[in-house]
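What follows is a short report on a single structure.
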Amino acid sequence: MIQTVLIPADSTTAAIRCLQKEFIKKAAQKTNLLFIPRFPLWCILGDEDYQAAAGRKQITGCTILPIKITGQKLYFPVRLSVSGKKSGPDFQFIVAESQTIPAESVYTTLEALAADFSDREMPSRVFRIGTAKFTDTEWELLNAVWVKTAPKKKKYR
């Protein structure tokens, strides 16, 4: 299978791993539910506009939003900004999965725990986008392009 993926720079990956570990540890303490970390950390891009923009380097921003949980998956939504396009869909940067579906009461606890992480938004200026070729046990990154967006301008009074 071949898909377009976004891979963050090492500094962003390190920050995501820290949050991943912190959430998994707290979730295990509060719910006894085991989340298994997923590696490597990447985001699969499905929208053709973003795939096309990656080659033309029209991406103007990337923000990794606060942690979310859906069903068995723990993920960070990723929002890409592309020049000439309104804010597009958020892609899921899945960082962990549970082997079991949480019970409703456990799920409520996990959502509350995720809310504790709501201030952890991370702008990511440097990342790679490429085509990943997946097999049963391996993956290979092809046609990788480094993207470096301009820093946000500070507003002065």
Note to self: Looking at every non-hydrogen atom in both residues, tell me the closest pair between Ile64 and Ser124 and how far apart they are.
What the structure shows: CD1-CB, 4.4 Å
Note to self: One pair to check against side chain to side chain contact (heavy atoms under 4.5 Å, CB included): Tyr107 and Thr109. What are the steps and the verdict?
What the structure shows: CA-CA 5 Å; Tyr107 193 76; Thr109 303; over 6 Å; no
Margin query: Test your reading of the model: is there a side-chain donor-acceptor pair from Thr70 to the backbone of Lys73, 3.5 Å cut-off?
Written below: no
Next item on the list: Step by step, work out the side chain to side chain contact (heavy atoms under 4.5 Å, CB included) result for Phe76 and Leu19.
Entry: CA-CA 10 Å; Phe76 291 93; Leu19 290 174; 3.8 Å; yes
Item checked: Gln72 (side chain) donor-acceptor with Ser98 (main chain) under 3.5 angstrom -> yes
Margin query: Rounded at 0.5 Å granularity, tell me how far CZ in Arg120 sits from CG in Leu65.
Written below: 14.5 Å
Next item on the list: Enter the distance from Ile67:CD1 to Glu121:CD here, rounded to the nearest 0.5 Å.
Entry: 14.0 Å
Next item on the list: Write down the atom of Pro77, the atom of Pro66, and the distance for their closest heavy-atom approach.
Entry: CD-O, 3.2 Å
Next item on the list: Just jot down the ring-ring contact (aromatic ring centres under 6.0 Å, His included) partners of Tyr75, sequence neighbours excluded, or say none.
Entry: none
Margin query: Please enumerate all residues that pass ring-ring contact (aromatic ring centres under 6.0 Å, His included) together with Phe117, with sequence neighbours excluded.
Written below: Phe23
Notebook entry, point to check: Does Ser118 use its side chain to pair, donor to acceptor, with the backbone of Ala114 at less than 3.5 Å?
Noted result: no
Item checked: Full working for side chain to side chain contact (heavy atoms under 4.5 Å, CB included) between Met122 and Ile16 -> CA-CA 9 Å; Met122 294 178 279; Ile16 291 169; 3.6 Å; yes
Anything under 3.5 Å between a donor and an acceptor, one on a side chain of residues 26-39, the other on a protein residue two or more places apart or in another chain? List them.
from: Lys26; atom 1: NZ; to: Glu22; atom 2: OE2; distance (Å): 3.3
from: Thr31; atom 1: OG1; to: Ala27; atom 2: O; distance (Å): 2.5
from: Thr31; atom 1: OG1; to: Leu33; atom 2: N; distance (Å): 3.2
from: Arg38; atom 1: NH1; to: Glu97; atom 2: OE2; distance (Å): 2.9

Checklist line | Minimum-distance pair of heavy atoms, taken over all atoms of Arg128 and Ala144 | finding: CD-CB, 4.4 Å
Check: Ignoring hydrogens and geometry, is there a side-chain-to-backbone donor-acceptor pair from Arg125 to Thr149 under 3.5 Å?
Finding: yes
Checklist line | Phe127 vs Ile7, side chain to side chain contact (heavy atoms under 4.5 Å, CB included): CA-CA, chis, key distance, verdict | finding: CA-CA 6 Å; Phe127 50 92; Ile7 301 173; over 6 Å; no
Margin query: As an exercise, state the distance from CD1 of Ile69 to CG of Leu74, rounded to the nearest 0.5 Å.
Written below: 6.0 Å
Notebook entry, point to check: To the nearest 0.5 Å, what is the distance between CD1 (Ile129) and CG (Leu80)?
Noted result: 6.0 Å
